[in-house]
A.B. asks: 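Sending over a structure as structure tokens; questions will come in a sec.
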Amino acid sequence: MDMKKKLGPEPDAFGKDPLGYSMLGWHKWALAQEINGFPVDLLKGPTSKDLKSPVLWLSHTQALSTAAISLIQNPPEFESLPEDMRGVAHCQYHAVALMLVGYGLESCLKAMIIIRMGVDAYEEKERKHRHHNLSRLADFIPDLTTREKAVLDGLTHFTMWAGRYPDPGFGDVSKAETVFKISEEFEISAKDLFEVSAKVSAHTLVVLSEAATEN
């Protein structure tokens, strides 16, 4: 087997086995470690600690962010829908894109938390971080403004429900109004969303630098 070939993207593999191929992220990461002289038992499969690797979380961040950008840059026209429903689906399509933006930030923030705490300590307190609230996850970033936190609060709604369903559930329709209030009060634009995303992501370098200094 050409290990380096198996390590890279396999363009035809998704079509042949979409479920299996999409689960191979850890296996390719393990293979990369093998190639670089760090033995991994590929047949045994990953442990919980293996899956807490910040490398996996940061690469997942990139996957989510790239998918979100692709959706935003290439919106469909929904020709298959009745004309009076195309606008509905167009709004919902962008809600899905914002969900992926939010998930990308969530993955990035959790990667930073793992780096700061270490895998063992993170596992002990994992339940504390098992949520989608971006502002809470970002509370260790020191210079976020009220406006930037509002952007994270708005994106949180899309990760929790607005990107997944039209209804927040449990009869709590006021959550939809909350999103409109955040949008109107802070006059949030797409530019604001991407600037906040970039700022949060850039803090990864600070966290990595601090971890390197401590070690």
Side-chain angles (χ1 to χ4, degrees), residues 54 57-75 87-117 122 125-211 213:
W57 286 80
L58 290 173
S59 63
H60 206 76
T61 296
Q62 186 66 38
L64 287 161
S65 301
T66 301
I69 291 169
S70 180
L71 289 182
I72 292 168
Q73 291 180 338
N74 302 285
V88 176
H90 192 262
C91 294
Q92 293 171 325
Y93 178 93
H94 285 84
V96 172
L98 290 186
M99 176 184 70
L100 293 179
V101 172
Y103 281 154
L105 287 174
E106 179 183 341
S107 183
C108 184
L109 287 163
K110 288 181 177 178
M112 287 189 270
I113 292 170
I114 293 170
I115 293 168
R116 295 175 81 236
M117 296 181 67
Y122 180 84
K125 298 184 178 181
E126 186 174 0
R127 187 179 297 275
K128 176 183 176 182
H129 305 293
R130 195 176 291 167
H131 59 81
H132 303 297
N133 190 308
L134 299 175
S135 290
R136 283 171 54 197
L137 290 171
D139 63 5
F140 62 89
I141 300 179
D143 56 345
L144 290 176
T145 66
T146 299
R147 179 184 177 80
E148 289 166 340
K149 290 177 181 178
V151 170
L152 296 179
D153 288 337
L155 284 172
T156 294
H157 284 276
F158 289 90
T159 62
M160 293 182 71
W161 68 273
R164 301 160 65 192
Y165 320 110
D167 175 12
F170 303 104
D172 196 359
V173 296
S174 64
K175 287 182 178 178
E177 187 62 30
T178 299
V179 179
F180 285 115
K181 287 181 179 178
I182 292 172
S183 175
E184 292 170 3
E185 180 180 352
F186 293 94
E187 298 181 344
I188 294 169
S189 68
K191 181 173 180 287
D192 295 323
L193 290 176
F194 290 115
E195 286 181 347
V196 172
S197 296
K199 181 174 180 176
V200 170
S201 298
H203 195 73
T204 305
L205 295 176
V206 176
V207 171
L208 287 170
S209 177
E210 291 173 347
T213 301

A.B. asks: Which heavy atom of Ala95 sits nearest to which heavy atom of Ala162, and what is that distance?
C.D. replies: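 That would be CB-O, 3.5 Å.
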
A.B. asks: Are any of the side-chain heavy atoms of Pro142 and His203 separated by less than 4.5 Å?
C.D. replies: yes

A.B. asks: Taking all non-hydrogen atoms of both residues into account, name the closest pair between Ala211 and Ile115 and its distance.
C.D. replies: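 Smallest heavy-atom distance, with atoms named: CB-CG2, 3.8 Å.
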
A.B. asks: Measuring from atom OG of Ser135 to atom CG of Leu109, what distance do you get when rounded to the nearest 0.5 angstrom?
C.D. replies: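 Separation between the atoms: 9.5 Å.
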
A.B. asks: Is the shortest heavy-atom distance from the side chain of Val206 to the side chain of Ile141 under 4.5 Å?
C.D. replies: no

A.B. asks: Is the closest side-chain heavy-atom distance between Leu137 and His131 below 4.5 Å?
C.D. replies: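 They are in side-chain contact.
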
A.B. asks: Mind checking the CD-CG spacing from Glu148 to Asp153? Nearest 0.5 Å is all I need.
C.D. replies: 12.0 Å

A.B. asks: Hey, what do you get for CG (Leu152) to NE2 (His157), rounding to the nearest 0.5 Å?
C.D. replies: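 The NE2 atom of His157 is 12.0 Å from CG of Leu152, to the nearest 0.5 Å.
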
A.B. asks: Check whether any side-chain heavy atom of Phe186 sits under 4.5 Å from a side-chain heavy atom of Val151, and report yes or no.
C.D. replies: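 Not in contact.
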
A.B. asks: Which of these, Thr159, Leu71, Val179, Leu193, sits in a side chain to side chain contact (heavy atoms under 4.5 Å, CB included) with Leu98?
C.D. replies: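 Result for side chain to side chain contact (heavy atoms under 4.5 Å, CB included) with Leu98: Leu193.
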
A.B. asks: Regarding Lys199 and Glu195, does a basic nitrogen lie under 4.0 Å from an acidic carboxylate oxygen?
C.D. replies: no

A.B. asks: Please report the interatomic distance CD(Glu185) to OG1(Thr178), rounded to the nearest 0.5 Å.
C.D. replies: 11.5 Å

A.B. asks: For the side chain of Ser107 and the backbone of Trp57, is there at least one donor-acceptor N/O pair under 3.5 Å apart?
C.D. replies: yes

A.B. asks: State the CG-NZ distance between Asp139 and Lys149, to the nearest 0.5 angstrom.
C.D. replies: 8.5 Å

A.B. asks: Work out which heavy atom in Gly163 is nearest to a heavy atom in Val96; give both atom names and the distance.
C.D. replies: O-CG2, 3.6 Å

A.B. asks: Is there a side-chain contact between Val207 and Phe140 (heavy atoms, below 4.5 Å)?
C.D. replies: yes

A.B. asks: Is any side-chain heavy atom of Ile72 closer than 4.5 Å to one of Phe194?
C.D. replies: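 Result yes, sub-4.5 Å side-chain heavy-atom pair found.
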
A.B. asks: Ignoring hydrogens, what is the shortest heavy-atom contact between Met99 and Arg164? Give both atom names and the distance.
C.D. replies: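 Residues Met99 and Arg164, closest heavy atoms: SD-CG, 3.3 Å.
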
A.B. asks: Ignoring hydrogens, what is the shortest heavy-atom contact between Leu100 and Ala68? Give both atom names and the distance.
C.D. replies: CB-CB, 3.8 Å

A.B. asks: More than 12 foreign heavy atoms under 6.0 Å from CZ of Arg130: is that the case here?
C.D. replies: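 Yes.
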
A.B. asks: Distance from Ile114 atom CD1 to Lys110 atom NZ, nearest 0.5 Å?
C.D. replies: 9.0 Å

A.B. asks: Testing the 3.5 Å rule here: is there a donor-acceptor pair between the side chains of Ser189 and Asp192?
C.D. replies: yes

A.B. asks: Provide the closest heavy-atom pair for Ser201 versus Cys108 in the form atom of the first, atom of the second, distance.
C.D. replies: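 So the minimum-distance heavy-atom pair works out to CA-SG, 3.9 Å.
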
